Amino acid sequence: MFDFNAKLGHWPYRPVRGLDALLAAMDARGVERAAVSSLDAVHLFNPQDGNDALDRVIAAHRDRFVPFAVLRPTITGWFDDLRRCVDSYGMRGLVLYPNYHRYELTDAALAPLMAEAAQRELPVCVQSGLEDPRRQFRPYKVDAVPPEAIGSFARAYPEVTIVALGLKIGQPELAGDPLPDNFYFDTSNYETMGELEAAVPRFGVDRILLGSNFPLFNPLANVAKLARAGIDEAARDAIGKGNAERILGIGR
Amino acid sequence: MIIDCHAHIRSADETELAGILELADRAGVDKLCISSLGRQWTYFPTAEVLEEANSDVIEACRRYPGRFIGAVYLSADHVEKSLEELDRCVVHGTSRMVKLWVSQFVDDPRLNPLIERCIELDIPILQHTWTKATGNLPKESTCFHVAAMAQRYPAMKIWMAHCGGLWEESARVVCGNPNVSMDVSGGEPEDGIVDCLLKHLGRARIFYGSDIPGRSFVVQMTKVLSASIDEATQAMILGENVRKWLHV
């Protein structure tokens, strides 16, 4: 399996587990590889400090991880950050936090970043909700990025693969009807009774990706969700691995 | 045996019940504690809504006696009716627990006669509980309300749903009340919930629950399955603890 949404780093509001726990969980549950990004970069003044640290943390395990860069397009020097992450660190995707980093997906500052993503064939992940809003730290509450905004973003940049992370039940359909061809979403926070049984016929199997949201979520939740879903094996394989590998060009 | 201590039905419709049990089977859930909050959820149910909800639960339990354990939905806004429902559903029926939601704080003195009757009948109470950064509903109980009622009636047995939402604090608030347990139902599958609860409550006061249909049997169960616990502790949390409380 391939986990498209793992993170490593600290979280300000509660202790979270790290690299060893992630690797152990992957080994125990048959997750061969994970796309991983810096959780520290959500809160650091300079997200690149998080990207730099991530490169060091996973250095001995590059066979298990596909690193993604967290970029803030409104910070001076983001292009140098992108170049270092992709050219030096071999990062193969980008992660955006418009809510935590305080910009809109319609911001003109995104245009050059998205042009670079298109040229380099980098998927761009947009984190919608990262935390349960009811459990946020009261002095520091951050709204989720609306699915409608992520859908519009995907339509504005049709040449870039857009992956919405953390959408809840009832939200993917808000990204547009029909959904943009380049729009994908992960399973991490998509939950109800029989969620994947309903999602596969509704959205098609090709745009759903296994995602754990580790370390904020336990690493078993989404693996078990996929394993116990009443869907056929071809769909399970696509969600669990095939779609991620296709997006990342693995095996191409 | 795995018992989901916190599940909801919206009606006694056979398609709905069969669908719930199909997914329960796939998740390995043997029994479900079910309550109804009415066919259309309202925060302040009428007496008629309480009766209809409880009748739906009784009918579901009649059809699947080996799978469903019924809860009686009560409200402090209708004390006489609630006492009648306790007699109808528990004394003369098969229900084994009480469900309280958001029509009153759980330490509301109007609930006293209902609590005293539950103690007489030796049935536990499942209380919806949250502390929300986004703001609670007008009569939505927090862990502090639960602790206050548990101290007023040390003989009552009450379990705090959703581990109070803010589980890091809720576990500390009620840890000194041995008549309070917590269920892990609802909310996102955050890492470390059960490990945190164990530090404060010990392993006998934590229950597995899902809060279906809004949540998933499987995802909510991983809160327990992903914890750093031995098999005996896992079995207690997944069913043995609540089975003892319910005498089933």
Side-chain angles (χ1 to χ4, degrees), chain A residues 6-7 11 13-18 21-22 24-25 28-29 39 129-144 166 168-170 187-199 211-231, chain B residues 4 7-10 16 19-29 32 129-137 140 142 162-170 184 186-196 199 210-228:
Chain A
K7 302 169 173 87
W11 190 242
Y13 314 115
R14 58 188 168 96
V16 294
R17 297 192 287 168
L22 177 56
R29 304 294 170 183
L39 187 60
L130 186 56
E131 310 166 85
D132 185 334
R134 298 170 298 179
R135 278 184 42 79
Q136 288 191 318
F137 191 59
R138 283 177 186 254
Y140 186 34
K141 291 189 283 187
V142 179
D143 291 334
K168 298 181 179 187
I169 208 76
T187 61
S188 61
N189 202 20
Y190 193 74
E191 182 196 349
T192 190
M193 198 173 67
E195 62 284 283
L196 290 181
E197 289 89 333
S212 69
N213 200 30
F214 178 89
L216 299 183
F217 291 179
N218 81 66
L220 176 57
N222 279 276
V223 171
K225 180 191 296 178
L226 181 61
R228 298 289 185 99
I231 55 178
Chain B
D4 180 344
H8 298 290
I9 60 169
R10 286 188 180 273
E16 177 186 339
I20 289 172
L21 289 175
E22 180 187 346
L23 290 168
D25 288 342
R26 197 178 298 152
V29 173
L32 298 79
T129 315
W130 256 99
T131 301
K132 296 173 176 168
T134 49
N136 275 29
L137 294 167
E140 189 171 23
T142 69
H162 319 307
C163 21
L166 199 60
W167 35 272
E168 300 92 333
E169 180 174 20
S170 298
V184 299
E188 294 168 356
E190 293 176 311
D191 196 30
I193 296 174
V194 166
D195 294 290
C196 172
K199 285 184 205 168
S210 69
D211 204 16
I212 63 105
R215 293 286 177 175
S216 147
F217 291 113
V218 172
V219 170
Q220 298 296 312
M221 196 186 296
T222 65
K223 293 174 178 174
V224 183
L225 300 179
S226 65
S228 305

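Hydrogens, waters and symmetry mates are skipped; everything else that's a heavy atom, side chains included, is used. Fair warning: this is a prediction, and the values are worked out from it, not measured in the lab. The sequence lines fix the lettering, A, B, ..., with proteins before strands; numbering per chain opens at 1.
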**Request:** Starting at CZ of A/R135, measure out to NE2 of B/H162 and round the result to the nearest 0.5 Å.
**Result:** 13.0 Å
**Prompt:** Tell me, side chain or backbone of A/E131 under 4.5 Å from chain B's heavy atoms, or both, or neither?
**Reply:** backbone
**Request:** Starting at CG of B/N136, measure out to CZ of A/R134 and round the result to the nearest 0.5 Å.
**Result:** 10.0 Å
**Request:** Calculate, to the nearest 0.5 Å, the distance between atoms NZ and CD belonging to A/K225 and B/Q220 respectively.
**Result:** 10.0 Å
**Prompt:** Picking from B/E22, B/E168, B/M221, which has the most non-hydrogen pairs under 4.5 angstrom with chain A?
**Reply:** B/E168
**Item:** Option that, when pairs with chain B are counted at under 4.5 Å, heavy atom only, ranks first among A/V16, A/D132, A/T192
**Value:** A/T192
**B/S210, part contacting chain A, at a heavy-atom distance under 4.5 Å** = neither
**Reported CD-to-OG1 distance for the pair A/Q136 and B/T134, which is rounded to 0.5 angstrom** = 9.0 Å
**Fill in**
Okay, A/L220 and chain B: the region with an atom under 4.5 Å from a heavy atom over there is both
**Complete:** Cut-off 4.5 Å, heavy atoms of chain A, and the answer for B/L166 is both
**Message:** With a 4.5 Å cut-off on side-chain heavy atoms, are A/N213 and B/E188 touching?
**Reply:** no
**Prompt:** If you count heavy-atom pairs under 4.5 Å with chain A, which of B/G192, B/G28, B/S226 comes out on top?
**Reply:** B/S226
**Prompt:** A/A229 versus chain B, heavy atoms under 4.5 Å apart: side chain, backbone, both or neither?
**Reply:** backbone
**Prompt:** Shortest non-hydrogen contact from A/A224 to B/T222?
**Reply:** CB-CG2, 3.7 Å
**Request:** Could you grab the distance from atom CG of B/L225 to atom CG of A/N218, nearest 0.5 Å is fine?
**Result:** 8.5 Å
**Message:** Please rank B/C196, B/G165, B/A227 by heavy-atom pairs under 4.5 Å with chain A and give me the top one.
**Reply:** B/G165
**Message:** I'd like to verify something: which residue of A/K168, A/E195, A/K141, A/R14 has the highest number of heavy-atom pairs under 4.5 Å with chain B?
**Reply:** A/R14
**Prompt:** Using non-hydrogen atoms only, which part of B/W167 is less than 4.5 Å away from chain A: side chain, backbone, both, or neither?
**Reply:** both
**Asked** Considering only heavy atoms, which portion of A/P133 lies under 4.5 Å from any heavy atom of chain B: side chain, backbone, both, or neither?
**Response** both
**Prompt:** CZ of A/F137: more than 12 outside heavy atoms within 6.0 angstrom?
**Reply:** no
**Interatomic distance, B/D211 atom CG to A/E191 atom CD [nearest 0.5 angstrom]** = 9.5 Å
